[in-house]
Colleague: 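Pasting a structure here, questions to come.
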Amino acid sequence: MPEDSLLAGFGNDSDYRDCFIRDVSGGMNLERYLERFYCSRAFLPERLILKALCKPASSADARALAAGETDRFGVWQVVERREARSSSEAVVHSRSEALLESKPTGTASWFAIEAMDVGQSSSSSGAIGQKTRLYFGSWVGSINESGWNALLRPHLWYSRELLAAV
């Protein structure tokens, strides 16, 4: 996880964090990434549970979150959203990021995208063209006291499946 990311700076140093990375061909912006993530087949069971709990988590809700038209989705609320900035601006960020917290569950989800030079790719395909690095991470506050430790193994599997579905 990048040290200057929204996820790295969230919560306490002793809190649990993870970060998964996927490189994809072509360009992708944060809006498209969020929409594809929350509208994916892999996330559908979670959206159905949220619907049963009367939490707004439809495809339209996901698109509104992705477009920045709302700061809520299901049980999550946007803590911060940061767009990449060019080197000509005062503060340089190479990634666009969004951090969403679920206070009821004591968790947060982090999404980031970063345009890559072909030479930066971890892929061995040697393909020429634009690539985008997708980051997906989670934060759990007080993991040892919260009971989330028991769910860690399924969480890691699920996180990889969610990122692969984008």
Side-chain angles (χ1 to χ4, degrees), residues 1-2 5-11 15-84 93 95-116 121-123 130-143 146-166:
M1 151 190 6
S5 69
L6 295 175
L7 181 62
F10 189 70
D15 294 339
Y16 173 82
R17 290 170 187 79
D18 58 36
C19 176
F20 300 92
I21 298 170
R22 179 176 175 217
D23 295 344
V24 296
S25 297
M28 185 180 300
N29 61 24
L30 186 60
E31 179 177 346
R32 184 170 171 214
Y33 176 27
L34 288 169
E35 180 178 346
R36 287 179 67 176
F37 183 93
Y38 284 123
C39 292
S40 71
R41 286 182 163 239
F43 195 78
L44 182 59
E46 203 161 339
R47 283 185 31 219
L48 294 174
I49 292 167
L50 291 166
K51 181 179 179 180
L53 296 171
C54 299
K55 300 292 182 183
S58 68
S59 295
D61 295 322
R63 284 190 288 277
L65 173 75
E69 296 166 0
T70 184
D71 65 350
R72 297 187 81 61
F73 180 77
V75 295
W76 297 275
Q77 180 163 358
V78 174
V79 174
E80 187 173 348
R81 192 168 177 156
R82 179 190 302 167
E83 295 298 326
H93 299 290
R95 288 177 309 281
S96 293
E97 308 175 67
L99 181 67
L100 289 76
E101 182 180 18
S102 169
K103 289 192 185 222
T105 62
T107 63
S109 297
W110 172 68
F111 303 88
I113 59 117
E114 188 170 33
M116 298 173 48
S121 174
S122 61
S123 167
Q130 186 178 9
K131 292 191 179 286
T132 303
R133 177 159 287 169
L134 307 178
Y135 296 87
F136 173 59
S138 300
W139 168 89
V140 180
S142 305
I143 191 167
S146 68
W148 274 99
N149 255 340
L151 300 173
L152 193 54
R153 182 170 273 182
H155 160 78
L156 296 173
W157 173 84
Y158 185 50
S159 294
R160 288 182 183 101
E161 292 298 310
L162 288 168
L163 187 56
V166 173

Colleague: For R17 and D15, indicate whether the former's side chain and the latter's backbone hold a donor-acceptor pair under 3.5 Å.
Modeller: yes
Colleague: Among residues at least two apart in sequence or on other chains, which ones pass side-chain contact (heavy atoms from CB on, under 4.5 Å) with V75?
Modeller: L50, K55, S102
Colleague: Measure the CG-CD1 distance between L44 and I49 for me, rounded to the nearest 0.5 Å.
Modeller: 10.0 Å
Colleague: Hey, is the main chain of G137 close enough, under 3.5 Å, to the side chain of S159 for a donor-acceptor pair?
Modeller: no
Colleague: Could you tell me whether the side chain of D18 reaches within less than 4.5 Å of the side chain of H155, counting heavy atoms only?
Modeller: yes
Colleague: Do you know which two heavy atoms are closest between S109 and F136, and how far apart they sit?
Modeller: CB-CE1, 4.2 Å
Colleague: So how far is it from E80 CD to D71 CG, rounded to the nearest 0.5 Å?
Modeller: 13.0 Å
Colleague: Rounded at 0.5 Å granularity, tell me how far CG in D23 sits from OG1 in T132.
Modeller: 9.0 Å
Colleague: I want to check something: taking the side chain as every heavy atom from C-beta on, are L134 and V166 in contact at a cut-off of under 4.5 Å?
Modeller: yes
Colleague: Once you round to the nearest 0.5 Å, how far does CZ of R22 lie from CG of L163?
Modeller: 6.5 Å
Colleague: Please name the pair of heavy atoms, one in D61 and one in P56, separated by the smallest distance, quoted to 0.1 Å.
Modeller: OD2-C, 3.2 Å
Colleague: Are F111 and Y38, when compared by the centres of their aromatic rings, separated by less than 6.0 Å?
Modeller: yes
Colleague: Go through the structure and list residues passing ring pair (Phe, Tyr, Trp, His ring centres under 6.0 Å) with Y135, not counting sequence neighbours.
Modeller: W110
Colleague: Would you say that T107 contacts W148 through its side chain, given a criterion of any heavy-atom pair below 4.5 Å between the two side chains?
Modeller: yes
Colleague: State whether the side chain of R133 and the backbone N or O of R95 hold a donor-acceptor pair below 3.5 Å, judged by distance alone.
Modeller: no
Colleague: Give, for atom CZ of R81 and atom CG of L100, the distance between the pair rounded to the nearest 0.5 Å.
Modeller: 8.5 Å
Colleague: Which atoms form the tightest heavy-atom contact between A98 and L34, and what is the distance?
Modeller: CB-CD1, 4.4 Å
Colleague: Residues in salt bridge (Lys or Arg N to Asp or Glu O under 4.0 Å) with R47, at least two apart?
Modeller: none
Colleague: So do the side chains of L156 and F20 get within less than 4.5 Å of each other, counting heavy atoms only?
Modeller: yes
Colleague: Side-chain contact test, heavy atoms from C-beta onward, threshold under 4.5 Å: evaluate it for Q77 versus E101 and give yes or no.
Modeller: no
Colleague: Between A165 and A42, which heavy-atom pair has the shortest distance, and what is it?
Modeller: CB-CB, 3.6 Å
Colleague: How far does CG of N149 sit from OG of S142, to the nearest 0.5 angstrom?
Modeller: 11.5 Å
